[in-house]
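What you see is a predicted model; the values in this text were computed from it and never measured. Both backbone and side-chain heavy atoms feed into the values below; hydrogens, waters and symmetry mates do not.
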There are 2 protein chains.
Amino acid sequence: MLASATALYTGQVNDVTKRYAKGTARRAEILAAALVAYSASSRSAPRLRDIAQAVNLTEAGVLHYFESKDHLFVAILEARDDDAAKRYDLHTEAGLWAYLEETVCTPGLTKLFVDMSTAASDPQHPAHAFLARHDPAVRQVVRAALNLADPWAEELLIAAAEGLQLRWLREPQTDLIGELRRLVALLKAQPRHS
Amino acid sequence: MLASATALYTGQVNDVTKRYAKGTARRAEILAAALVAYSASSRSAPRLRDIAQAVNLTEAGVLHYFESKDHLFVAILEARDDDAAKRYDLHTEAGLWAYLEETVCTPGLTKLFVDMSTAASDPQHPAHAFLARHDPAVRQVVRAALNLADPWAEELLIAAAEGLQLRWLREPQTDLIGELRRLVALLKAQPRHS
DNA sequence: ACGAAAACCTAGTAGCACTTGGTTTTTTGT
DNA sequence: ACAAAAAACCAAGTGCTACTAGGTTTTCGT
């Protein structure tokens, strides 16, 4: 994960479709329920059926709002990005850490992100386009918030963060934040242009 | 990925089932074909049907050798581990790098490993048991080959390696080996017990 | 209050992993 | 060499799931 701020890219390209008040509420409701369902199902991805039932809808009802199951999942991450951009000042180090602590404590979100991240290797997958926007935004945030020595340090930090998420999924006792803090300290101690 | 050496755990617990000569050959053939299929399909995991066709078998024919599709995938990684343990001396730094260079150049293997890694968050998934054995073996190899300052450095390096694989899937131009070499240099320059 | 568009459902379809219950092929014991 | 015996393999299913087609109901601007 590591932050993002979709809202920073541009002014919301998606969601051109018109909606009634009930519709926008339902859409948000589905996103929330899907995230909960993702947390609940340790195994693979949750079934569309379960998500639908959680909001008293049929599967077709859910698909009315999202092009496909995977589009729904990516939409969760997008919504999360927008939300984070509003609630935290990601361009300061303190804000970034605060965001990370909250994100890590949301089970399912990490798994969702990693799943989408691997799925994105297919250019046709909706997650591909999302990450093509998300990744540079993360870079931007890291650069502004931490002011590391060079681009390499930024890339490494982000890679380490994602790798630690992967590990955390298997071993939840992993102190993700602590490990990252220590790495940042190490990177900052390094001379520039090393 | 980052090496492994399944053969180091114990003396092959699995494969107690008896097999004719043709059977063991087929099994190996399937493993090879499945890896190729995994590389070919950028999208998700390959279909059982495609793997079966590649070796002139039906789907049921393949399932005769592997309990399930996911068991087959995990078996690929296990076979790979055994193979690597034979072909490289993973307890030396040179051997470790050589192994890594070859592994990274095998498309599909990385994706397979990452996929199994996320699937392993479900304790019921066959990849869970595999990684429970694999992870400590990797730690062992890293410790022996690199002699880093402390356990934290080892954990971080492994996490970074996995994170870089995730990134490499999206951006194949990523210089995975180069980034890792630089991190190792940085970690070795650090004082012990920092 | 009326009409149009969104919201939603019923009843499918198709693709997939996997099972069942066999037949064929390979191997081993004598 | 020649039966058993067991592995190798297949045809035809089953069940689950994401998704579609087409219709009905609800919302809401005018």
Asks: State whether the side chain of B:Thr110 and the backbone N or O of B:Thr106 hold a donor-acceptor pair below 3.5 Å, judged by distance alone.
Replies: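 Side chain of B:Thr110 to backbone of B:Thr106, a donor-acceptor pair under 3.5 Å: no, none is there.
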Asks: Nearest-Å distance, NE2 (B:His64) to P (D:dA11)?
Replies: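 Distance check: B:His64 NE2 to D:dA11 P gives 16 Å.
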Asks: Assign the ring pair B:Phe73 / B:Tyr38 to parallel, tilted or perpendicular, where the plane angle (0 to 90°) is split at 30° and 60°.
Replies: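 Perpendicular: the ring planes of B:Phe73 and B:Tyr38 meet at over 60°.
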Asks: Report the distance from atom NZ of B:Lys18 to atom P of C:dT25, rounded to the nearest whole Å.
Replies: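 In whole Å, C:dT25 P and B:Lys18 NZ are 23 Å from each other.
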Asks: Looking at A:Arg26, I'd like to know whether one of its side-chain N or O atoms comes within less than 4.0 Å of OP1 or OP2 on C:dC8.
Replies: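 Affirmative; the distance criterion is met.
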Asks: Side-chain donor-acceptor pair under 3.5 Å between B:His128 and B:Asp122, yes or no?
Replies: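 No pair is found: no donor N or O on one side chain lies under 3.5 Å from an acceptor on the other.
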Asks: Please enumerate all residues that pass side chain to side chain contact (heavy atoms under 4.5 Å, CB included) together with A:Asp175, with sequence neighbours excluded.
Replies: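 With sequence neighbours excluded, A:Asp175 shows a side chain to side chain contact (heavy atoms under 4.5 Å, CB included) to A:Ile177, given in chain and number order.
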Asks: Where the side chain of A:Leu57 is concerned, which of C:dC9, D:dA8, D:dC10 is the nearest nucleotide?
Replies: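 So the side chain of A:Leu57 is nearest to C:dC9.
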Asks: Could you tell me if B:Trp97 and B:Glu101 have a donor-acceptor pair between their side chains, going purely by distance under 3.5 Å?
Replies: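 The criterion, which ignores hydrogens and geometry beyond distance, is not satisfied for B:Trp97 and B:Glu101.
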Asks: For the residue pair A:Tyr99 and A:Tyr88, categorise the inter-ring angle as parallel (less than 30°), tilted (30 to 60°) or perpendicular (more than 60°).
Replies: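 Answer is perpendicular, since the angle exceeds 60°.
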Asks: Does B:Arg19 place a side-chain N or O at less than 4.0 Å from the phosphate oxygens OP1/OP2 of C:dT26?
Replies: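 Answer is no, no contact under 4.0 Å.
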Asks: Less than 4.0 angstrom between a side-chain N/O of B:Tyr65 and OP1 or OP2 of D:dA7, yes or no?
Replies: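 Result: no.
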Asks: Walk along nucleotides 16-30 of chain D from 5' to 3' and tag each nucleotide B, S or - by protein heavy-atom contact under 4.0 Å, base first, then sugar-phosphate.
Replies: -SBBB------BS--
